[in-house]
Amino acid sequence: MVTIPDTSTTLLRDLASDSRHPRWTEFVARYRPVMESYLHERFPRVDADDAIQETLLAVVKVLPHYRYDPEEKGAFHNYLVGILRNKALSAVDETCRTMKIEERMSRTIPIVGGESAHEQSYREWRESLYQVALQELMADETVQDRTKQVFVR
């Protein structure tokens, strides 16, 4: 079991004042074991290094505006793990989305006489890829209709 570190207000203040402060090494040494443990326990298939890096980038952006108040907001490590959790969930969503696209592509690309998709002509593969991407774009409700029309043309 990983020990949860005590929060250092001076550390948070130093990091909030300068995104290139040398104490970032201390911050990473202090909180990385907690983040790794959390990811391995709850998100074993997520690349821990990538999720932690994304979390640290988010913390760099947030710290200048973050006000540490354990009475009101709770412990800092809970805040940090909340960011980490969101990054891990985003990674899981991206993986699922990629898997769905790959699955659709495998169904879209015809396999003739036992040939693999790699043995198909480049033009056929490219056209199939385009069709799958276009279908994904058209199904995405966050994309404006005008943008969709541009891609269809």
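Numbering starts at 1 and runs along the sequence shown. This one's a predicted model, so the numbers in the text were calculated from it and none came from an experiment.
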Same cluster for Met35 and Leu57 if Ile/Leu/Val/Met/Phe/Trp/Tyr side chains link at under 4.5 Å?
no

Which pair of heavy atoms, one from [X] and one from [Y], lies closest together, and at what distance?
X	Y	value
Asp49	Asp47	N-OD1, 3.1 Å
Ile83	Ala58	CG2-CB, 3.9 Å
Ala51	Lys87	O-CB, 4.1 Å
Ile4	Val34	CA-CG2, 4.3 Å
Trp24	Asp18	NE1-O, 3.7 Å
Thr7	Arg30	C-NH1, 4.2 Å

Spatial distance of atom [atom1] ([X]) from atom [atom2] ([Y]) [nearest 0.5 Å]:
X	Y	atom1	atom2	value
Phe76	Leu63	CZ	CG	5.5 Å
Asp50	Thr55	CG	OG1	10.5 Å
Leu84	Phe43	CG	CZ	8.0 Å
Ser19	Lys61	OG	NZ	11.5 Å
Leu89	Arg42	CG	CZ	11.5 Å

A side-chain contact here means heavy atoms from C-beta on lying under 4.5 Å apart; do [X] and [Y] qualify?
X	Y	value
Val60	Leu56	no
Lys73	Arg67	yes
Val59	Tyr31	no
Glu36	Val2	no
Leu12	Arg23	no
Tyr79	Tyr68	no
Glu54	Ser90	no

CZ of Arg85: more than 12 outside heavy atoms within 6.0 angstrom?
no

Is it the case that more than 12 heavy atoms not belonging to Asp6 sit under 6.0 Å from its CG atom?
no

Is there a donor-acceptor contact under 3.5 Å from the side chain of [X] to the main chain of [Y]?
X	Y	value
Thr95	Ala91	yes
Ser17	Asp14	yes
Lys148	Met138	yes

